[in-house]
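Owing to the predicted nature of the structure, the values given are computational and were not obtained by experimental measurement. Atom set for the values below is all heavy atoms of this structure, side chains included, hydrogens, waters and symmetry mates excluded. Letters A, B, ... are given to chains in the order of the sequence lines, protein chains preceding strands, and every chain is numbered from 1.
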Amino acid sequence: MAEQPASPPQHFIRQIVAADRAAGRHGGQVVTRFPPEPNGYLHLGHAKSICLNFGIAAENGGRCHLRFDDTNPAREDPEYVQSIQDDVRWLGFAWDTLRHASDYFEVFYLGAEKLIRMGLAYVDDLSAEQVREYRGTLTSPGRESPFRNRGIGENLDLFRRMRAGEFADGSRTLRAKIDMAAGNINLRDPAIYRIRKLTHQNTGDAWPIYPMYDYAHCVSDAVEGITHSLCTLEFEDHRPLYDWFLQQLDLPGDPTLTAPLRARGLWLPPNTPQQIEFARGNISYTVMSKRKLLTLVQERLVDGWDDPRMPTLSGLRRRGYTPEAIRTFWERIGISKQNSVIDLGVLEGCVREDLDARAPRRMAVLDPLQLVITNLPPDHGETPVLANHPKDAAFGTRQVPFSARLWIEREDFMERPLPGFHRLAPGGEVRLRGVGIVRCDEVLKDGAGSVTGLRGTLDPDSRPGRPGAERKVKGTIHWVSAAHAVAAEVRLYDRLFDVPDPDDESDGKTYRDHLNPLSCRVVRGFLEPMLAAAAAEERFQFERLGYFVADRHQHAPGKPVFNRIVTLRDTWTHRA
RNA sequence: UGGGGCGUCGCCAAGUGGUAAGGCACUGGAUUUUGAUUCCAGCAUUCGCAGGUUCGAAUCCUGCCGCCCCAGCCA
């Protein structure tokens, strides 16, 4: 049978790139970039862009650069540039070239002087408030600045003095001279440079002026030879500006502009890239804005950027998500220009799918109820052999100590079973995984009537190897031998917010009002002994409970700490 | 009263004039010593609405409606 090769869906960006290659545009090359500003940790939304940019490059035999967009030293921090590199690598991508926009400060400066000489940029003395007034509104045109028609010589002199640090912060800007009446507000003489006497993480105090995004970004793309500059929808309005700067500057045709890069060994063949916008991917029950994530961290609403409930990549990593699951997730979602909110369940489905195939099975009891098997001697001991994976023999087997006194999950017993309940009930039978069929004979209670333990008998004929082992019972439950159990801290994580759209403030409430109080429940559980030796970040399926990971930071052999990654799919509790 | 986008199943998303892909979710049923997994089947006479063009329209035209983004010396 001719299986269709699983070719990735042809979303519109892949189509554009394929068409460009077919037409020989950009010399048939594909060069992309992931350009984060180092002002926060990477999150799932960034992962979409990372997968897209690195993916498109890889699929087309091209390259993808990592570029830090560090043009605003007021907000940026080296802590973030380190974490971003760690996260991109962890996600599974390797950049071709690592750059900073600050590597191009000389180029930006030369380009700005060129615009001035072309009569396309001017130094404006208007204050920020005045600029705002002159800009007009969405529906009414702006007015030209009184400084708009200064001579080229005066502009050049003033700009050089800005660069020399002669003027106070905010006292002047360099602006592009485009059209104060443009319907697109980005074209109403946008700022190119502002004065900010701040120490920059890379360039120190060398520059008292810093370029604006619209100018720096397109030039950075051009000097790196980027062919397809992929960004999110809100930059659609900026594309005319992107194109305008590049057309005026003509970086491929003007070697003087990139001369500083030759001198520093950073030169690459310049190109005139094409900006293409796609929609961000929002996910239900979470927030993705850097501002809100920062607030959660700063106000200690979560336990740092890598809190396992955070949608940051470091948070997901600590939660136990695999890079593969995250990549599968975004591939499954696709790329379009439609604003959307993706069901959190899709993400969860991706980790389950990945972990089902790769996580060894173990047993752990998180809400213990004691079961004593009365037809076994109190000192009975044996070590049944259990498969580490039900479908993959390559995972091998392990020995799990078993005795007459067990912990089982409290939830696996119902004194008055609901119709359809398949587990243990007074007088009922259930299979103990790998051991045999046990019948509940007696329910022990305390003075208040709460169940404190169970007593039962194990059907000797149902033990492994006996003919009766094949006997069918409705349910199979997991267990841990009380005498051998290892106590552990287990964190049961759930969604951070209890409403699908925490960003929605139409009811007067904000995301802070919707924090889920049950997003992290810490319990003491009992593990089968092997688990005590787990390595940090090792993942397991605790049978019938879900997937768990040994905490990256706090787990230690002898002091096990596990995080619940995600529960198993459950078709029973929903209908019960 | 401006400019730029977007409206296809509960959630994503293909489709670009020839008679609605796929995934997730969901619902049946089979297998199962995880109520998991796996398997098999079902799941849009209809593409925001209304007209029009055409033998034929989700795709073209016209007009409405709805949602998102833009008035930082942020990115």
Side-chain angles (χ1 to χ4, degrees), chain A residues 9-12 15 35-37 39 69 71-72 74-75 124 126-128 131-132 135-142 169-175 181-188 190-196 209-210 212-214 216-217 231-240 277 279 281 284 290 331-346 349-350 352-353 356-357 361 363 386-387 389-391 420-423 431-437 462 464 469-478 541-546 567-576:
Chain A
Q10 287 304 300
H11 60 243
F12 78 102
Q15 288 173 13
E37 183 187 15
N39 68 343
D69 215 338
T71 55
N72 185 356
R75 322 192 330 157
D124 195 349
L126 252 29
S127 69
V131 166
R132 196 180 316 125
R135 186 159 31 231
T137 71
L138 291 179
T139 53
S140 61
D169 276 20
S171 60
R172 284 179 230 261
T173 54
L174 182 71
R175 292 229 260 165
N184 181 346
I185 288 181
N186 296 119
L187 266 16
R188 319 243 261 230
I192 300 175
Y193 268 96
R194 77 282 219 183
I195 302 173
R196 285 285 175 282
I209 55 173
Y210 292 96
M212 301 293 293
Y213 166 86
D214 282 308
H217 200 85
C231 63
T232 44
L233 253 27
E234 67 270 28
F235 293 104
E236 247 165 345
D237 286 345
H238 297 241
R239 189 175 352 117
E277 310 84 12
S284 60
K290 278 191 186 177
E331 189 56 55
R332 197 164 277 182
I333 293 311
I335 300 291
S336 76
K337 299 188 72 160
Q338 224 152 303
N339 288 319
S340 65
V341 180
I342 302 144
D343 271 354
L344 180 61
V346 179
C350 290
R352 288 194 185 105
E353 185 176 303
D356 175 56
R361 312 290 129 118
M363 291 196 290
L386 273 76
H389 193 110
K391 286 180 297 188
F421 185 73
H422 289 175
R423 288 106 88 173
R431 183 183 298 280
L432 292 176
R433 164 127 259 180
V435 170
I437 297 168
S462 70
E470 303 300 312
R471 183 157 71 87
K472 301 292 179 196
V473 282
K474 281 283 177 52
T476 298
I477 64 172
H478 57 94
Q541 183 194 101
F542 290 179
E543 290 207 39
R544 306 206 309 126
L545 295 176
T567 60
L568 254 31
R569 184 163 165 267
D570 181 356
T571 49
W572 160 251
T573 55
H574 293 148
R575 61 182 73 179

Spacing between A:His11 atom NE2 and B:A13 atom C1', to the nearest angstrom:
12 Å
With syn defined as a glycosidic angle within 90° of 0 and anti as everything else, classify B:G10.
anti
Of the listed nucleotides B:C24, B:U33, B:U34, the one nearest the side chain of A:Arg332:
B:C24
Taking atom P of B:U32 as reference, at what distance in whole Å does atom NE2 of A:His478 sit?
22 Å
Rounded to the nearest 0.5 Å, how far apart are CD of A:Gln15 and CD1 of A:Ile335?
12.5 Å
When you measure from the side chain of A:Asp343, which nucleotide among B:G10, B:G5, B:U34 comes out closest?
B:G10
If I take atom CD in residue A:Gln541 and atom P in nucleotide B:A36, what distance separates them, rounded to the nearest angstrom?
11 Å
Where the side chain of A:Arg544 is concerned, which of B:A13, B:C24, B:U34 is the nearest nucleotide?
B:U34
Rounded to the nearest Å, what distance is computed from the CD atom of residue A:Glu543 to the C1' atom of nucleotide B:U32?
13 Å
Any chance you could list the contact pattern along nucleotides 69-75 of chain B? Use B for base contacts, S for sugar-phosphate-only contacts and - for none, protein heavy atoms under 4.0 Å, 5' to 3'.
BBBSBBB
Starting at atom CZ of A:Arg433, determine the distance to atom P of B:U32, rounded to an integer number of angstrom.
14 Å
Separation of B:G22 atom P from A:Ile333 atom CD1, nearest Å, is 17 Å
Rounded to whole Å, the CZ-C1' distance (A:Arg352 to B:U38) equals 16 Å
Assigned partner base of B:A21, Watson-Crick or wobble definition, under 3.5 Å
none
Residue A:Thr571, side-chain heavy atoms: nucleotide from B:A36, B:A13, B:G15 that is nearest
B:A36
Spacing of A:Arg188 atom CZ relative to B:G3 atom C1', expressed in whole Å:
9 Å
So which nucleotide does B:C60 pair with, by the Watson-Crick or G-U wobble rule with both distances under 3.5 Å?
B:G52
Contact class for A:Gly281 vs. all strands (heavy atom < 4.0 Å): base, sugar-phosphate, or nothing?
nothing
What distance, rounded to whole Å, do you find between the two C1' atoms, one in B:U31 and one in B:A36?
13 Å
Report the distance from atom CZ of A:Arg75 to atom CD of A:Glu37, rounding to the nearest 0.5 Å.
4.5 Å
A:Gln541 CD to A:Leu568 CG distance, which is reported to the nearest 0.5 Å
4.5 Å
Centroid distance under 5.5 Å and plane angle under 30°, A:His422 vs B:G35
yes
